[in-house]
Amino acid sequence: MAKTKMQNLKMPVKEIKVLAYVLLLVFLALFLAGCYDAKEIDQEVYALVIGVDKGVNNAIRITFQVPTYKDGGQGGMGGGGGDGDNGTETGELDGTVVATVEAPSLIEAINILNATSNRMISLSHAKMLVFSEEYAREGVGRYIEPLARFREVRELMRVVVCRGKAEDFIKENKPVISQNIAKDIELSYLQSQNTGYFRDVFFTEFYIDLLSPYGQPTAIYAGVNEFDQMLDSEPGLSAPPKTYLDIKPGLIPRKGGNKKDLFGTAVFDGDRMVGSLNPEETRFFLMSIGEFERSYFTLEDQNKPGYIYVLEVTAVSKPRIKARIADGVPVIDLSLELDADLASIQSRINYEKSDLIEGFEAYLESYFQKGIKNTIEKTQKEFGTDIFQFGKKIAGNFRTIQEFEEYNWLKHYPEAEINVNVKVNVRRSGYFYETHHIFSTKLE
Amino acid sequence: MKKEQSIFAKALNLITYKKTSRPETFVLPETDEKGNMSQNSNSQDKGKGGQDSKTLTQNQDKQNLSGKAGNGADEQRVTGVGLQKRRIPKKPLSPSQVKAAKAAADSEKTDEVKSDYDSNLEAIKQTFHLPENKDLIIREFKIGKKRKAFLCYLDGMADKNIINEYVLSPLLNMPGSVLPEGKSSALDLENIIETNDVKKLKSINKVTAEILKGNTALYVDGLDYILTCESIGFEKRGVETPKSEAIVKGPQEGFSENLRTNISLLRRIIRNKDLVTEFFEIGEQSSTTVAVVYLQNILNPAILNEVRRRLQSIKTDFLLSVGMLEELIEDNPYSIVPTILTTERPDRAAANIMEGRVAIIVDGSPIALIVPVTINALMHSSEDAGLKWYYTTGLRFIRFVAFATAVLLPGFYLALTTFNHEMIPTDLLIAIAKAKENVPFPTIVEVLLMELGFELIREAGVRIPGIIGNTLGIIGALILGEAAVSANIVSPVLIIIVAATGLSNFAIPNYSLAFGVRVLRFYFILAGAFLGFYGLALAAVLLVLMLVNLKSFGIPFLSIVAPRSKKGKDIVIRWPLWLQESRPDFLNPQDRQRQPEITRQWAQEDPNKQVPAPSDSKE
């Protein structure tokens, strides 16, 4: 019977039927497995910013900022209005909603908000994780672990420590230039490359540094600027140029624009914040870890006090770091090369001339050398934490990782001897080559 | 034992691998030297591949199988399949076969042309079912007022002027005195009839075939043959510009319905004595002429043999168009993508013939079939050779992008929006979410609605008469899309997706492939909607498996990629013409070299060389 069937070139109907059923079952299984976690875009809301504060009724207070799906054109209502009344009852803020909840854990906080905000909160587009300084100084380790393990969280999220409450900081996170909050946040990080005033810290980097024996983590240091640093001027008083910006975020004398300041670096020892670097130190810090791209430096003229010159400094290459252990003392040689382009010379001394340029370069070299050295010393003495990741180089002096871990580099970091060698090339002089005096009746 | 198998075991048996009863595939024998060509193609039939590795392994398989025969029930069964392949299954005869057999038996009796006027006239009348049939015109007359004669032709198929002037008039004007006496005496008709082609036929069947073509049959009383005179002349469309393959830079002639015209179009491009045209008659009732055109000194004879084999073995009653033939001779008629290239451009057909392919033209269809082809040929356009090489290359990349877009874009969008939200840039994500906020349907419903709507517009556009069609199609699409968005039935992003997909579909140069792509799109929509990117990947693997499995007249459809063969200079990137020195490797043509290594000889010559005008005296 079977043989006659096989002789027929066509498949018998019955077998086709069975085959069809089996295939149907296989595909149904696949398809239903797929349907199980299918989610439409508008079923979810996407938290862009997550803030962590110390709680009052519960362990932590979590703030989420999520964009609303209302028509973009209507969002301008709050934008032009007063500054103070942004905290409406629904938390609506320029096309976003800021919602805060107290919970024992971050994921529980999402749960509570899911239940109350009618849509699932997804962390897959989170761009910023904000800790309040108060909270960061007590240690963030307990609450950062679930973020690393939770698979929704994107590793490109940045870590920010803010002065004051995270909730207040997030409330000031509103786009001023456009209505596009996501773009606004992303572009704000990009300014790290242009100014060097803060380091662009990814969540993964932060988490890896937290666990690594080679160095310690850092975070962006931020604050809310209340615009109260602009003092009224008094007649007849003129301020000398201050070229060293030792300012904490939120205290920059400025007015208008966005109220959030990303300014400086928060330094951690383990999961606890121990201090901060000011923007100037941050630039030296970025130079020594090879993340510095370009920035303007304003320096006081060494030959004419009261006058300044401005340089556009770019990094030529990554720094070369050599580490050895000599007589039990770790020695680190750091050398790097910078390009400095003249942007402005107030004193009209022509430093670009060939007889002056070598001395000028030597002066700049000593300036950057000193700056970097002071920054390293500050981390050694004041904080005792190796945020430069010198441990990665020191580890080369040990045969096994166990030996290195036993040595405990982080503990020995303050004793390390660190030599810094900077080479500066002044290459471009802008549109001018030599400037002249300003002629006036009162010729000097 | 077998009968007691549970249904589950049977089901398992179905999904596990087993030799299927597909027709044996034709494998092109590998040839490296010219001498081996004919030998190999002969040995192919015997089942011994010679040096050919592919055939060899296949045969080894067979031998292994038959060697194991008798080792167990299962193996026996498998062997049975292997052996049975060559056996022609005994089937009851189809009605047409029965009829044909009867007709053959009948014709044996009456086929011979008698030397008697009345019986021949009666035979013709019977064959064409007179007097019911009004198409056959029989003109009876007397030559020189003495001898009875008749001529017959099909009204509308023959040119009456030819019959009047060159057949009838010389016969009627012949004075009776010239006629030889006696009823059965020979008459030198060939020297009287003035048409250029005459045939003496002694079989009624052959005469019938000639009459059906439009020729005129002439019988004079007493002769033992019927003379057929060429008088074909029927209404036909002239040579016009191709409709679906219009190009800017290149010839503007397209094939027409007339087979002879089509072949002449090819001959005008390839003026070569080795261009051979073979005729096949397909269709028991319609007797449609099918021409196979090839270059005898280039084409691999194995391919020709396979084409002949397939064409000759087709048993059907009626062949209307080239599409029907395509389906009948395709390697895999279930395949979504076409494995035969269709073109309505003689220049394209000629270019393919020059590369060592075969053109098959069906009388009555303005389209030629080109075999064998690979997937890249379907992405070429006939303008490719006419443009500068880097323009063409750029256009081809756009076509490949269009292919990918047309197949994947909606599926990709669905995978993104239903599963992998993290892959969308945040700005776009928020924009999509805002747009979708008021749409009550899930994305899959939106996509299917819009895709079906688009297909509807396309299909309706074909039916709407004339000039209104296109306009109505565009307006319909615009208004429908706009209205659907403002009525919150679909989100605006989707209009872009569907429009881009539709547009891309039109950028695919091959009409049949474009249809295949429309089907594949829905396949990927389902895969993306149910399983996201995982589904897309699975579906893509299945698609590639299917493509790899395809063959076009023995040539693997993905040749060059799998199996690898020598890369040509005209696959994706069209290299400059002077670099295209060889014909496609996978076709194994008899002559691989197209041109010497240095094509532009002038580039190596003395630039100041004086060249006289070309003269005929050289010959």
Side-chain angles (χ1 to χ4, degrees), chain A residues 1-3 6-11 14-23 25-28 30-35 37-46 48 66-72 95-96 119 122-127 151-154 156 178-186, chain B residues 2-3 7-8 10-15 19-23 73 76-78 80-81 84-85 87 89-91 414-439 441-444 446 491 493 526-532 534-535 538:
Chain A
M1 183 67 192
K3 207 164 187 183
M6 293 306 293
Q7 271 176 357
N8 205 335
L9 280 172
K10 283 172 196 161
M11 235 179 159
K14 199 179 156 195
E15 287 188 22
I16 288 181
K17 265 189 186 170
V18 175
L19 182 65
Y21 281 129
V22 171
L23 280 179
L25 282 177
V26 169
F27 281 108
L28 266 183
L30 273 176
F31 285 169
L32 293 178
C35 292
D37 60 354
K39 260 178 225 144
E40 293 288 333
I41 284 183
D42 49 351
Q43 282 179 338
E44 294 185 317
V45 285
Y46 300 89
L48 297 178
V66 294
T68 57
Y69 296 156
K70 291 179 181 172
D71 273 343
T96 61
R119 304 229 184 172
S122 162
L123 299 188
S124 63
H125 279 264
K127 301 198 176 298
R151 65 175 180 182
E152 252 181 27
V153 178
R154 194 178 262 216
L156 296 179
S178 74
Q179 285 163 354
N180 191 339
I181 175 112
K183 192 174 177 181
D184 209 63
I185 296 174
E186 273 168 16
Chain B
K2 250 181 247 166
K3 277 178 188 170
I7 182 101
F8 183 68
K10 273 186 190 168
L12 256 184
N13 197 25
L14 279 171
I15 54 171
K19 278 235 163 189
T20 50
S21 49
R22 268 167 54 176
Q76 225 167 15
R77 229 174 63 176
V78 177
V81 180
Q84 161 262 319
K85 269 181 188 173
R87 212 180 290 149
K90 275 186 188 172
K91 269 200 231 167
L414 268 167
L416 275 181
T417 50
T418 40
F419 293 96
N420 302 80
H421 305 167
E422 69 279 356
M423 287 187 67
I424 313 173
T426 314
D427 310 340
L428 184 62
L429 180 89
I430 296 170
I432 293 176
K434 273 183 186 168
K436 227 181 123 18
E437 187 56 32
N438 290 323
V439 179
F441 303 117
T443 318
I444 172 74
E446 281 182 78
S491 54
V493 188
L526 286 184
F530 284 112
L531 288 168
Y534 175 62
L538 273 187

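A note on names: the letters A, B, ... follow the listed sequences, proteins ahead of strands, and every chain is numbered from 1.
- From A:Tyr69, atom OH reaches atom CD1 of B:Ile432 across 10.5 Å, with rounding to the nearest 0.5 Å.
- In this structure, CG in A:Leu48 is found 6.5 Å from CD1 in A:Ile181, a value given to the nearest 0.5 Å.
- Using a 4.5 Å cut-off between heavy atoms, B:Leu429 contacts chain A through both its backbone and its side chain.
- Contact of A:Glu152 with chain B is not made at all, since no heavy-atom distance falls under 4.5 Å.
- The backbone N or O of B:His421 lies less than 3.5 Å from a partner atom in the side chain of A:His125, making a donor-acceptor pair.
- By the 4.0 Å N-to-carboxylate-O rule, A:Arg119 lies too far from A:Glu44 to be salt-bridged with it.
- When heavy atoms are compared at a cutoff of 4.5 Å, A:Ser122 does not approach chain B at all.
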